[in-house]
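Here the structure comes first, spelled out in structure tokens, and everything after it is commentary.
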Amino acid sequence: MARQLSATVPLLLAAMMLLTSCGPQGGTTPPPAETASSAPGTASPSDTASATSTPTATPGTLAPEPPPTTLKAATPATAEELAAYRDALYCPTGGPEGCHSYESMAGYFDHLLGIVAPMFDERYGTVSRPAAFYYVAAGVTGPTACLKDDGTPDPYSSADYSYCLTDRAIYTGQDALWALYKGVGYAAPAVAYAHEWGHHIQNIMKVPEPETPEENALLEKQADCIAGAWVQHAAQSGNLKYPADLGDLNALMAAVAPPDPGEEPTPVQERIDALQLGYTSGLPGCNSFFPETPVYAG
């Protein structure tokens, strides 16, 4: 979800705190926030580092505001590295030995980027990537460049899976990533990430910010459509088996960018339809949501 308020997976996170990991080392359950190794607003050296990516202005856009703090900025894994971990990319719900553990989500995140990035790089160029791909470890929090309705900074946390329009960065929290990987399974983390990258595409292609709930629903469904176009590309390039790697579509789309508290949810079937539109028609099909500002003209 394009962030004004945080996009999280709250229902899944509550359930996931009770689950054990399926990692090759056995894993552990996610630690409660108050016992995490990093205190709020800080991070251990192993979890954080100064952001190294430089915000780049896309043609016709202003440069994004820099993030107000430092986080670990991830980079997509190489094709060679992905090949070595391919069996752990899509873990079935409650999956078997060989899946990633909660503690290895940071490494898995690099692999996730490695399978999501190629379509966007091919269609829009690497210069049009989000300004940064941030991984937020458990217990780490701080302000983003985006503001809430009351004018205060919208914070990031390990429950985030969201795109900030202002700094043009995607924030991915360890707990949110784990909930999708372990709780929903299959390709849910990748589809959800392609949805958030879709919000970045809307931003750089100047799709208007929504002013009504109906427009917001269209914005979210267009991002679902862009995620469906990624599914098409991943299937064609051998990085995903369609439809097997998607698992239960109802569970998948209910978990991708859930509505904020008090926000009217879009019927899951409408979101499935949007995803399938992207899969069958590719990015050109996603122009139908806002025809006056197409997201792809190739």
Side-chain angles (χ1 to χ4, degrees), residues 1-16 90 92-93 116 149 159-163 165 170 176-177 179-203 205 207-232 234-235 240 242-296:
M1 180 172 293
R3 118 179 258 157
Q4 295 302 325
L5 296 176
S6 298
T8 63
V9 279
L11 296 179
L12 282 171
L13 290 180
M16 291 310 302
Y90 307 126
T93 308
V116 175
D149 289 341
D160 263 311
Y161 221 86
S162 60
Y163 172 70
L165 293 169
I170 302 177
L177 183 59
L180 288 166
Y181 183 78
K182 175 71 172 180
V184 183
Y186 300 95
V191 173
Y193 207 85
H195 173 103
E196 297 305 326
W197 201 319
H199 284 310
H200 174 66
I201 298 303
Q202 291 169 328
N203 191 11
M205 300 305 288
V207 174
E209 290 189 44
E211 297 181 355
T212 67
E214 292 76 19
E215 290 176 353
N216 187 65
L218 280 177
L219 194 80
E220 292 300 323
K221 287 191 288 186
Q222 186 179 55
D224 291 334
C225 182
I226 294 171
W230 171 80
V231 171
Q232 179 198 68
L240 180 145
Y242 181 88
D245 283 338
L246 296 185
D248 182 347
L249 282 180
N250 284 284
L252 171 66
M253 297 314 295
V256 172
D260 289 317
E263 187 176 275
E264 185 70 23
T266 301
V268 171
Q269 186 57 52
E270 291 184 17
R271 302 194 59 197
I272 292 174
D273 292 344
L275 182 82
Q276 291 179 328
L277 173 64
Y279 177 77
T280 57
S281 302
L283 287 169
C286 303
N287 291 335
S288 61
F289 292 91
F290 298 96
E292 294 183 359
T293 52
V295 293
Y296 186 69

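What you see below is based on every heavy atom in this structure, not just the backbone, and it leaves out hydrogens, waters and symmetry mates.
- The minimum heavy-atom distance linking Met253 with Leu275 is given by the pair SD-CD2, 4.0 Å.
- Applying the ring pair (Phe, Tyr, Trp, His ring centres under 6.0 Å) rule to Phe290 yields no partners; only residues at least two apart in sequence or on another chain are considered.
- Across all non-hydrogen atoms, the minimal contact from Tyr242 to Leu246 is CE1-CD1, 3.5 Å.
- Taking 4.5 Å as the limit, some side-chain heavy atom of Asn203 sits within range of a side-chain heavy atom of Tyr163.
- Distance alone, capped at 3.5 Å, is enough to place a donor-acceptor pair between the Thr280 side chain and the Leu277 backbone.
- You'll find the side chain of Ile170 reaches within 4.5 Å of the side chain of Tyr193, heavy atoms only.
- Residue Leu240 comes nearest to Ala187 through the heavy atom pair CD1-CB, 3.9 Å, listed as atom of the first residue, atom of the second, then distance.
- Side-chain contact between Pro208 and Thr293 is present, with heavy atoms from C-beta onward closer than 4.5 Å.
- The only member of Val207, Leu283, Asn287 that meets side chain to side chain contact (heavy atoms under 4.5 Å, CB included) when paired with Pro294 is Asn287.
- In this structure, Glu263 CD and Asn216 CG are separated by 5.0 Å, a value rounded to the nearest 0.5 Å.
- Remark: Phe289 CZ to Asp224 CG distance equals 8.0 Å, nearest 0.5 Å.
- Summarising the geometry, atom CE belonging to Met205 is positioned 10.5 Å from atom NE2 belonging to His200; distances are rounded to the nearest 0.5 Å.
- Taking every heavy atom of both residues into account, Pro189 and Leu177 meet most closely at CB-CD1, 3.9 Å.
- Val295 has its side chain out of reach of Cys225: every pair of non-hydrogen atoms, C-beta onward, lies at least 4.5 Å apart.
- From Glu215, atom CD reaches atom CD of Gln222 across 12.5 Å, with rounding to the nearest 0.5 Å.
- Closest of all the heavy-atom pairs between Thr266 and Ala217 is OG1-CB, 3.6 Å.
- Separating the CZ atom in Arg271 from the CD atom in Glu220 is a distance of 6.5 Å, to the nearest 0.5 Å.
- Checked by atom type and distance alone, the side chain of Gln202 pairs as donor or acceptor with a backbone atom of Leu219 at under 3.5 Å.
- Going from atom CG of Leu180 over to atom CG of Leu252 covers 8.5 Å, rounded to the nearest 0.5 Å.
- Residues His199 and Glu196 have side chains that never bring a donor and an acceptor to within less than 3.5 angstrom of each other.
- Nearest heavy-atom pair across Ala257 and His195 is CB-NE2, 3.3 Å.
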